[in-house]
Structures are given as structure tokens and as C-alpha cells.
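To start, the structure itself, in C-alpha cells.
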Amino acid sequence: MLNLDLIGARIKEIRKRKKLSQEKLAEMVCMNHRSIVRLENSYSKPSIETLEKIAAALGVSVIDFFETETLKSRTQIVDEINQCIASMSDEELKTFYKAVYHFIH
């Protein structure tokens with residue numbers, strides 16, 4: 001059985017993370033923007049073909065729409081990182097810093 005609430009929420013979450021409007025996503029998948037609204041609000045049941053088109057447009061796998069673990073907000077991620085950093089030893093912190101520094105530069 002399809003969990004329409006989960007699918008709609010995941011589509012919306014991923015779309016927003018990609019900074020796409022409902023209108024832009026609809027355009028990318030050749031759908032009416034109201035159809036995207038209905039999917040995200042769990043008012044309509046998407047076909048597998050529709051899910052495949054939306055997944056391709058969002059650059060994700062269809063399976064991503066069915067994951068039960070929700071993506072964390074920016075604030076939650078920053079809070080978790082800060083908690084980890086606060087609990088690190090001086091040596092762990094230096095190693096972490098080097099890894100992050102090389103990643104962003």
C-alpha cells in the first residue's frame with residue numbers, strides 16, 4: 001500500500017532542498033502545477049511513471065520518496081555537528097578540522 005503522505009512529503013522536501021518551485025518542477029516533468037500541489041498534499045496517487053519523471057527531474061532515485069527517515073533541517077544538522085565538536089578531544093578536533101578544511105578548499 002502506498003503511503004501518500006510520505007511520498008508527498010518527500011517530494012516536497014526534496015523539491016525545496018533543490019530550491020525548485022512547484023511551477024518549475026511541474027514544467028520540468030510536463031505536468032500542470034496543480035498536479036504537483038495535489039501530489040505533495042497527498043490528494044492524488046502518483047503513477048510509477050510520474051514518480052520516475054519527478055525523481056529524474058529532482059536528480060534522485062524513486063526509492064528516495066519511500067524512505068521513512070526524514071531529512072533534517074539545517075538547524076538540526078548544525079546543532080548535531082556542534083554537539084559532536086563540543087565532545088571531541090583536542091586531537092579529534094584537529095583531525096576533524098583538517099578533513100573539513102580539505103573538503104571545502
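Heavy-atom basis, side chains included; hydrogens, waters and symmetry copies ignored.
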Are [Y] and [X] co-members of a hydrophobic cluster defined by side-chain heavy atoms under 4.5 Å apart?
X	Y	answer
Ile7	Leu20	yes
Ile14	Phe66	yes
Phe65	Met31	yes
Met88	Ile81	yes
Val37	Leu39	no

side-chain hydrogen bond (donor to acceptor under 3.5 Å, both in side chains) with [X]: which residues, sequence neighbours excluded?
X	result
Gln83	none
Ser42	Asp5
Gln22	Glu40

Could you list the cluster mates of Tyr97? Members are the ILVMFWY residues connected by side-chain heavy atoms closer than 4.5 Å, either directly or through other members.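 The other cluster members (ILVMFWY side chains, heavy atoms under 4.5 Å, direct or chained) are Tyr101.
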Which pair of non-hydrogen atoms, one from [X] and one from [Y], has the smallest distance, and what is that distance?
X	Y	answer
Ile36	Ala26	CG1-CB, 3.7 Å
Ala57	Leu25	CB-CD1, 3.9 Å
Val60	Arg17	CG1-NH2, 4.4 Å
Ile11	Leu58	O-CD1, 4.3 Å

Which residue pairs pass the side chain to side chain donor-acceptor pair (under 3.5 Å) test with at least one member in residues 46-57, sequence neighbours excluded?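 For residues 46-57: Ser47-Glu49, Ser47-Thr50.
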Can you list the residues that meet the salt bridge (Lys or Arg N to Asp or Glu O under 4.0 Å) rule with Lys24, with sequence neighbours excluded?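 Salt bridge (Lys or Arg N to Asp or Glu O under 4.0 Å) list for Lys24, sorted by chain: Glu27.
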Can you tell me how far [atom2] of [Y] sits from [atom1] of [X], rounded to the nearest 0.5 angstrom?
X	Y	atom1	atom2	answer
Asp64	Glu13	CG	CD	10.5 Å
Ile85	Glu80	CD1	CD	12.0 Å
Cys84	Asp79	SG	CG	11.0 Å

Applying salt bridge (charged side-chain N to carboxylate O under 4.0 Å, His left out), which residue pairs with at least one partner in residues 89-100 are found, sequence neighbours left out?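 Of all non-adjacent pairs touching residues 89-100, none passes salt bridge (charged side-chain N to carboxylate O under 4.0 Å, His left out).
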Atom CD1 of Ile63: over 12 foreign heavy atoms under 6.0 Å: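 It does not: Ile63 CD1 has 12 such atoms or fewer within range.
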Go through the structure and list residues passing side-chain contact (heavy atoms from CB on, under 4.5 Å) with Arg38, not counting sequence neighbours.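 Listed in chain order: Arg34, Ser35, Tyr43, Ser44.
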